[in-house]
Each structure stands twice: as structure tokens, then as C-alpha cells.
Amino acid sequence: MVSCIGRVSKMRGFCTFISRPLLFLLLHFTLVQCDITDGNAEHLKREHSLMKPYQGVGSSPSSQWDFWGSTLVTSSYVRLTPDERSRQGSIWNTVPVYLKDWEMHVQYKIHGSGKKNLHGDGIAIWYTKERLHPGSVFGSNAKFHGLALFIDTYHNDEAADRSFPYIYAIVNNGSLPYDHGNDGRNSELGGCSSEIRNKDHDTYLAIRYSKGRLTVMIDIDDKNEWKECIDIGGVRLPTGYYFGASAATGDLSDNHDIISMKMYQLMVEHTPDEDSLDWTKIEPSVSLLKSPKDNIDDPTGNFRSTPLTGWKVFLLLLCALLGIVVCGVVGAVVFQKRQERNRRFY
């Protein structure tokens with residue numbers, strides 16, 4: 001399977017091309033499936049988007065975004081924390097999301113005066129039941145309900161082999177504590193290392209949730225090219241939750257800026273059974289083949305235990321078919337040799 005996420009001008013969209021070349025002796029065709037979200041205006045959900053000049057941000061009853069802590073809203077960016085020690089800030093959408101399939105694009109910038117390994121702590125992007133709930137995890141609640149994507153710039157666990165800054169995802173139903181000492185390793189679903197600090201340009205990430213699959217792509221080089229960071233199947237997220245972003249500094253610091261958060265609706269068909277479900281009652285969860293705690297033993301820091309995809313099934317069937325053919329050929333050769341040997345006895 002070949003996957004890509006393409007960006008169209010300043011709008012950013014996921015594009016997944018799935019190519020399944022079948023054995024031409026068997027089926028004589030190739031199946032190509034393309035699902036495109038091109039970032040057109042009809043997909044953009046403005047009530048869930050944060051864009052310049054940041055109208056609708058504030059504490060008034062009509063505001064669609066509210067902020068807390070050290071957050072500073074300017075005409076060019078929303079600064080969650082300044083490059084100062086022991087600061088926390090967040091900004092949250094006040095409108096709950098009732099979309100079953102969505103895509104969130106975040107344009108952000110992390111920069112400061114700290115040299116290598118002397119900066120922290122990072123930004124968190126949230127899709128959670130709670131909002132404006134200050135806490136110890138990047139300025140927000142530790143035992144959250146929903147999805148969190150962490151852009152972690154400080155390495156707490158010096159013994160671990162992950163390279164920081166590190167981007168990773170966690171799904172929580174409120175029962176999992178965040179392990180600061182291991183940088184969330186015990187509950188991490190997947191992640192990637194990315195040099196996102198002190199770039200001369202803005203950096204981007206895209207979070208897609210569609211039909212139970214969570215995909216995170218990043219663009220840190222500003223080349224209109226997405227690179228895969230996380231791809232996890234079996235994810236269950238309810239509707240009615242809120243999007244937000246938070247950041248925190250400790251003894252070390254950085255400027256943590258959000259330039260935009262753009263929310264897109266994905267036009268995806270669901271089965272009648274899926275449509276009949278009350279999606280607001282779904283419990284946040286992930287169907288994994290093993291516990292996320294097993295992630296500790298993975299030296300790459302990645303976790304990819306997902307159900308078999310069509311491509312994997314095809315490969316398994318192809319291997320089985322080749323095995324049968326090989327066994328048949330070997331059997332035919334053995335049978336022929338026995339026949340020749342038997343004829344010599346007559």
C-alpha cells in the first residue's frame with residue numbers, strides 16, 4: 001500500500017492512494033482507490049477553526065474559542081506560553097464537534113533562546129470531553145477522555161532511546177495516568193521524531209480520524225509535502241468532544257505559538273448500523289493486538305499493531321498460493337521420478 005497526503009496551495013488535505021496490483025494471471029486488473037480531501041471551502045468547518053485575525057476568540061457568550069493562563073492572542077499568532085519558566089496556557093473551541101469523520105490541520109511554531117536540550121516542554125493538541133481543564137500534562141488535565149497528540153520537546157526519560165522533539169498520540173478513557181517520567185511511553189500508540197524547533201518557517205501537522213483510523217502527518221520543511229508520523233487502526237472516538245491546544249514550560253522554556261487550526265469535514269459513507277449508533281455514547285478506546293504498555297519494549301518507539309488490511313490479506317493469500325504452486329510442482333516432479341523408477345522394474 002502506498003499512502004500520501006498532499007497539500008493544495010495554502011489549504012491542506014489528505015490524499016490516500018491505495019494501489020493493489022493483483023497477479024495478472026489470476027485477475028488481470030489493478031485496483032486503485034483514491035480518497036481525496038482537497039481543503040475546499042465546503043469542507044472547512046469555520047465554527048471549529050481558528051484563523052487570523054482570530055475573530056470569535058474571547059470570553060463573550062458568542063465566542064467560539066476561549067483561552068486560559070498565559071495565552072496571548074495577537075493579530076499574527078496565538079502564543080500559548082512565552083519563552084519564560086513555569087508558564088501554562090491553552091485555547092479551546094467552545095463548540096462541540098458532532099462529525100464522525102474529520103481532519104484537523106494545525107499550523108504552529110515552537111522557538112526560543114534555549115540551546116539543544118535546554119528547552120521545553122511542548123504543545124498538546126486535544127480532542128476531549130473536557131475543555132479549559134488546567135492540569136499537569138502540557139497545561140491540561142492528565143486523566144482526560146478522548147485523544148491527545150503531544151509535540152514533546154523535552155526528554156524526561158534520559159534512558160529511553162527516542163529522539164526528541166517527539167510527536168506521539170494517546171487515547172484515554174479517563175483511567176490512564178500520564179507517566180511524566182517516561183514521557184507517556186506506557187500509553188503511547190505511535191509516534192515519530194521531528195526537528196520542529198527554531199525553524200525559519202512555520203511547521204504543520206494534520207490529524208485525520210475516519211472510519212476508526214487515526215492518521216497523523218507532518219510537514220516541517222514547508223515544501224508542501226506530508227510525511228507519515230502515525231497510522232493506527234481500531235480507534236474509537238465519540239462525537240460531542242472539543243478541540244483545543246495547550247502548552248507548558250517548566251525550568252526550561254520556549255515560545256509555543258498556534259498560527260491556525262483548520263477543521264475539515266470528511267465526506268464518508270457509513271453503514272446503516274454505524275449511522276444508527278449514538279456516537280456521543282462511544283467510549284474512547286483502541287482495539288490493539290497487544291497492550292500499549294508493550295510499547296516500552298519497542299526500540300523504535302512506534303506501535304503499529306492494527307487489524308489486517310486488504311493489502312496484508314492479499315499478500316498472505318499470494319504467499320499461500322505460491323506455496324501451493326511450489327508444493328504442486330515438487331509433488332509432480334517426485335511423482336514423475338517414481339513412475340520412471342517403477343517402469344524400470346517391468
Side-chain angles (χ1 to χ4, degrees), residues 1 3-6 11-18 20 31-50 64 92-106 125-131 144-149 169-175 189-190 206-217 228 230-244 261-289 304-314:
M1 183 171 68
S3 297
C4 73
I5 297 185
M11 295 293 187
R12 309 168 78 85
F14 279 113
C15 175
T16 302
F17 299 94
I18 305 175
R20 299 176 180 174
L31 174 64
V32 179
Q33 177 179 327
C34 185
D35 180 14
I36 299 175
T37 300
D38 55 14
N40 288 336
E42 61 267 21
H43 296 297
L44 179 66
K45 307 301 289 184
R46 295 188 178 277
E47 66 272 25
H48 303 301
S49 297
L50 178 69
Q64 295 177 338
W92 287 86
N93 192 199
T94 63
V95 183
V97 177
Y98 290 102
L99 303 177
K100 300 172 184 176
D101 305 87
W102 46 261
E103 183 177 311
M104 172 62 81
H105 302 162
V106 182
I125 307 299
W126 306 90
Y127 175 68
T128 58
K129 181 179 181 180
E130 310 86 359
R131 69 177 196 89
F144 58 92
H145 293 77
L147 167 69
L149 184 75
I170 292 177
V171 171
N172 197 348
N173 62 3
S175 64
L189 298 178
I207 310 167
R208 162 181 277 207
Y209 177 69
S210 180
K211 297 186 76 67
R213 192 163 202 90
L214 176 68
T215 307
V216 177
M217 305 295 282
E228 181 179 297
I230 301 170
D231 186 19
I232 300 291
V235 179
R236 289 174 58 82
L237 294 175
T239 59
Y241 281 16
Y242 298 90
F243 274 104
M261 297 177 66
K262 297 180 181 179
M263 173 71 170
Y264 297 96
Q265 180 179 6
L266 301 180
M267 313 308 292
V268 177
E269 292 186 2
H270 287 269
T271 66
D273 289 340
E274 290 173 335
D275 286 331
S276 65
L277 291 175
D278 185 353
W279 286 60
T280 63
K281 298 293 195 279
I282 291 176
E283 185 81 0
S285 62
V286 183
S287 301
L288 299 173
L289 299 182
R304 294 286 189 268
S305 292
T306 58
L308 288 178
T309 62
W311 178 245
K312 292 179 182 178
V313 171
F314 166 72

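- Every residue was checked against the side chain to side chain donor-acceptor pair (under 3.5 Å) condition with Ser276, not counting sequence neighbours, and none meets it.
- The aromatic rings of Tyr127 and Phe243 are tilted relative to each other, their planes meeting at an angle between 30° and 60°.
- Between Leu189 and Ile230 there is no side-chain heavy-atom pair separated by less than 4.5 Å.
- Residues passing the side chain to side chain contact (heavy atoms under 4.5 Å, CB included) test with Lys129 are His145, Tyr241, sequence neighbours excluded.
- Under the rule for a salt bridge (charged side-chain N to carboxylate O under 4.0 Å, His left out), Asp273 has no partner lying at least two apart in sequence or in another chain.
- Residues passing the side chain to side chain contact (heavy atoms under 4.5 Å, CB included) test with Glu274 are Lys211, His270, Thr271, Trp279, sequence neighbours excluded.
- Under the ring-ring contact (aromatic ring centres under 6.0 Å, His included) criterion, Tyr209 pairs with Trp102, not counting sequence neighbours.
- Shown here are the side chain to side chain contact (heavy atoms under 4.5 Å, CB included) partners of Ser285, two or more places apart in sequence or in another chain: Arg236.
- Between Gln64 and Leu50, every side-chain heavy-atom pair lies at or beyond the 4.5 Å cut-off.
- In this structure, Leu237 and Val235 have side chains that are in contact, with non-hydrogen atoms separated by less than 4.5 Å.
- Counted within 6.0 Å of CD on Glu269, heavy atoms from surrounding residues, nucleotides or ligands total 12 or fewer; the atom is thus considered open.
- In this structure a side-chain-to-backbone donor-acceptor pair under 3.5 Å is missing from Thr215 to Asp231.
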